[in-house]
Amino acid sequence: MHPIKRIIAFTVQFLLKYMEEIKFTKMHGIGNDYVYIDCMNHTPDRLAELSIEMSDRHTGIGGDGIILILPSDVADFKMRIFNADGSEAKMCGNGIRCVGKYVYDNGLTSKTDIAVDTNSGIKYLRLIPGNDGKIIEVTVDMGEPVLVAAQVPVKYGTEKMIEAQVETRTGGNLAVTAVSMGNPHGVIFYEEDTPDVHVTGRELEMHPMWPDRANIEFARIISPSEISMRVWERGSGETMACGTGACATAVAAITTGRTGRNVTIHLLGGDLRIFWNPDNNHVYMTGGATTVFTGTYTRQK
């Protein structure tokens with residue numbers, strides 16, 4: 001064999017043996033960005049490590065984590081979510097909208113009503129195509145919110161934790177409402193002075209009252225139908241948006257009499273429309289989903 005061909009053959013063998021190529025799509029739901037991996041035929045291993053590697057905005061692809069799209073025996077698809085720190089999440093509202101867009105735009109389904117299995121149960125999506133036949137918006141039935149403290153879960157002395165005073169080192173006493181939308185949230189309403197989202201958010205995420213940590217929302221009421229919100233997500237820090245957090249904030253606002261049942265949530269990355277249906281107690285979230293780019297990520301086996 002010619003020396004150059006021998007070198008090429010050796011290099012190919014080395015890459016096949018020691019390197020793994022993973023095809024991915026970078027997507028975001030109003031700025032809440034993840035790296036999406038089609039695992040319908042194969043799932044990479046060492047997923048926590050992979051999420052840390054790929055999520056790094058300097059040495060990786062960059063994102064709030066990775067989302068895997070997998071086959072399911074109980075729904076049309078299954079999704080798994082790993083945060084940027086490698087921890088596995090139960091649910092992501094912005095992420096699941098992008099899953100809906102991915103499977104439709106890439107021909108994995110021709111249906112516009114699909115079911116997606118998550119670690120917090122099956123969620124039902126309505127996919128809304130644009131003029132080009134690609135999905136531009138998705139409405140997600142997020143299910144019923146959980147306000148019972150033990151089920152959120154949060155350690156609290158009464159059945160529900162509604163505007164309970166929590167003492168913090170960095171933000172003073174804050175009134176916190178605990179809500180689960182498949183994952184735990186602590187919602188705080190403020191009027192004038194914006195709390196330090198990074199400092200107080202990190203402290204409250206780690207507060208011992210949360211057995212599994214929590215997402216922390218800082219919300220300001222604009223009108224009975226509008227709320228401005230910033231979010232500190234467990235495992236990822238402050239993100240541009242959080243779908244479950246927007247739903248939890250709407251539920252907290254409605255529960256405390258601050259808004260009606262149709263609410264637009266303004267987040268750093270854009271808007272989400274939330275409706276808490278009194279007939280079935282389900283929360284519905286509508287918002288956009290965007291494909292940014294596709295590529296191949298090479299990792300060492």
Side-chain angles (χ1 to χ4, degrees), residues 7-73 75-109 114 116-120 123 125 127 134-135 138 183 233-237 239-243 269 288-301:
I7 293 171
I8 292 172
F10 174 81
T11 302
V12 170
Q13 290 176 355
F14 175 85
L15 291 174
L16 290 174
K17 184 175 181 180
Y18 295 106
M19 308 299 287
E20 178 183 20
E21 290 192 339
I22 301 171
K23 293 183 178 180
F24 70 88
T25 299
K26 176 72 178 288
M27 306 180 77
H28 76 86
I30 60 170
N32 195 189
D33 60 334
Y34 286 88
V35 178
Y36 292 77
I37 304 172
D38 183 342
C39 300
M40 297 299 290
N41 296 310
H42 170 71
T43 303
D45 57 8
R46 305 192 333 264
L47 294 173
E49 293 178 26
L50 181 63
S51 186
I52 294 170
E53 294 171 16
M54 297 182 91
S55 300
D56 192 291
R57 297 186 186 276
H58 299 286
T59 60
I61 297 161
D64 294 324
I66 65 173
I67 291 181
L68 314 178
I69 303 169
L70 306 109
S72 171
D73 294 330
D76 295 299
F77 301 95
K78 179 177 176 62
M79 68 181 283
R80 291 182 69 187
I81 310 149
F82 288 83
N83 296 317
D85 68 351
S87 60
E88 186 167 6
K90 289 185 176 181
M91 176 57 189
C92 175
N94 291 315
I96 200 170
R97 293 201 315 278
C98 290
V99 168
K101 177 176 174 62
Y102 182 96
V103 297
Y104 187 91
D105 288 0
N106 288 280
L108 299 182
T109 184
I114 64 171
V116 178
D117 188 20
T118 76
N119 285 345
S120 66
K123 307 299 179 185
L125 283 61
L127 313 179
K134 304 292 186 181
I135 300 303
V138 179
N183 47 8
E233 291 199 60
R234 63 176 180 177
S236 295
T239 60
M240 297 289 286
C242 175
T290 303
T291 298
V292 185
F293 60 87
T294 62
T296 300
Y297 180 79
T298 303
R299 76 185 301 209
Q300 190 171 353
K301 287 185 179 179

Enquirer: Measuring only between side-chain heavy atoms, which start at C-beta, is L50 closer than 4.5 Å to Y297?
Expert: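 With C-beta onward as the side chain, the pair touches.
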Enquirer: Take atom CG in D45; do more than 12 heavy atoms of anything else shown fall under 6.0 Å from it?
Expert: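 Yes, the 6.0 Å shell around CG holds more than 12 heavy atoms from other groups.
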Enquirer: Between R57 and D64, does at least one N-O distance fall below 4.0 Å, as a salt bridge requires?
Expert: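 Judged by the 4.0 Å cut-off on N to carboxylate O distance, R57 and D64 do form a salt bridge.
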Enquirer: Do N119 and E88 get their side chains close enough for a donor-acceptor pair, meaning under 3.5 Å?
Expert: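 The criterion, which ignores hydrogens and geometry beyond distance, is satisfied for E88 and N119.
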Enquirer: Between atom CG of D117 and atom NZ of K78, what is the distance when rounded to the nearest 0.5 Å?
Expert: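 It is 4.5 Å, given to the nearest 0.5 Å.
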Enquirer: Between M79 and I96, is any pair of side-chain heavy atoms under 4.5 Å apart?
Expert: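 Yes, side chains in contact.
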Enquirer: Looking at K26 and G63, would you say the former's side chain and the latter's main chain have a donor-acceptor pair under 3.5 Å?
Expert: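 Looks like no, no N/O pair under 3.5 Å.
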Enquirer: Any non-hydrogen side-chain atom of I114 less than 4.5 Å from a side-chain atom of Y104?
Expert: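 In short, these two side chains do not touch, never coming nearer than 4.5 Å.
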Enquirer: Check step by step if side-chain contact (heavy atoms from CB on, under 4.5 Å) holds for N94 and M240.
Expert: CA-CA 10 Å; N94 291 315; M240 297 289 286; over 6 Å; no
Enquirer: Does any non-hydrogen side-chain atom of K134 lie less than 4.5 Å from one of T291?
Expert: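 Of all side-chain heavy-atom pairs linking K134 with T291, none is under 4.5 Å.
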Enquirer: Please lay out, stage by stage, how V292 and D33 fare under the test side-chain contact (heavy atoms from CB on, under 4.5 Å).
Expert: CA-CA 9 Å; V292 185; D33 60 334; over 6 Å; no
Enquirer: With a 4.5 Å heavy-atom cut-off, do R299 and E49 have their side chains touching?
Expert: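 They are in side-chain contact.
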Enquirer: With the side chain counted from C-beta on, respond yes when D38 and Y102 share a heavy-atom pair under 4.5 Å apart, and no when they do not.
Expert: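 Touching, per the 4.5 Å side-chain cut-off.
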Enquirer: With a 3.5 Å distance limit and no angle check, can you tell me whether K123 reaches the backbone of V116 through a side-chain donor-acceptor pair?
Expert: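 A pair under 3.5 Å: no.
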Enquirer: Roughly how far apart are M40 CE and L70 CG, rounded to 0.5 Å?
Expert: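 These two atoms lie 8.0 Å from each other.
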Enquirer: Rounded to the nearest 0.5 Å, what's the gap from NE2 on H28 to OG1 on T239? Could you check?
Expert: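 These two atoms lie 13.0 Å from each other.
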Enquirer: Tell me which one of V138, I69, T118 satisfies side chain to side chain contact (heavy atoms under 4.5 Å, CB included) with V99.
Expert: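 Only one of V138, I69, T118 forms a side chain to side chain contact (heavy atoms under 4.5 Å, CB included) with V99, namely I69.
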Enquirer: Indicate yes or no: at least one non-hydrogen side-chain atom of R97 is less than 4.5 angstrom from one of I30.
Expert: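 Yes. Closest side-chain heavy atoms under 4.5 Å.
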Enquirer: Could you walk me through whether N32 and C92 pass the side-chain contact (heavy atoms from CB on, under 4.5 Å) check?
Expert: CA-CA 10 Å; N32 195 189; C92 175; 3.8 Å; yes
Enquirer: Let me confirm one number: the CZ-CD1 distance from F82 to I67, rounded to the nearest 0.5 Å.
Expert: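 Spacing of CZ (F82) from CD1 (I67) equals 11.0 Å.
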Enquirer: Output the distance between atom NZ (K90) and atom CG (N183), rounded to the nearest 0.5 Å.
Expert: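 Between K90 NZ and N183 CG, I get 8.5 Å after rounding to 0.5 Å.
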Enquirer: If you round to the nearest 0.5 Å, how far is OG1 of T290 from CE of M27?
Expert: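 OG1 of T290 is found 7.5 Å from CE of M27.
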Enquirer: Between D85 and S87, is there a donor-acceptor pair closer than 3.5 Å when you use the side chain of the first and the backbone of the second?
Expert: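 Pair found, side chain donor or acceptor close to backbone of S87.
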Enquirer: Could you check whether any side-chain heavy atom of Y34 comes within less than 4.5 Å of a side-chain heavy atom of C98, counting everything from C-beta outward?
Expert: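 Y34 vs C98: side chains apart.
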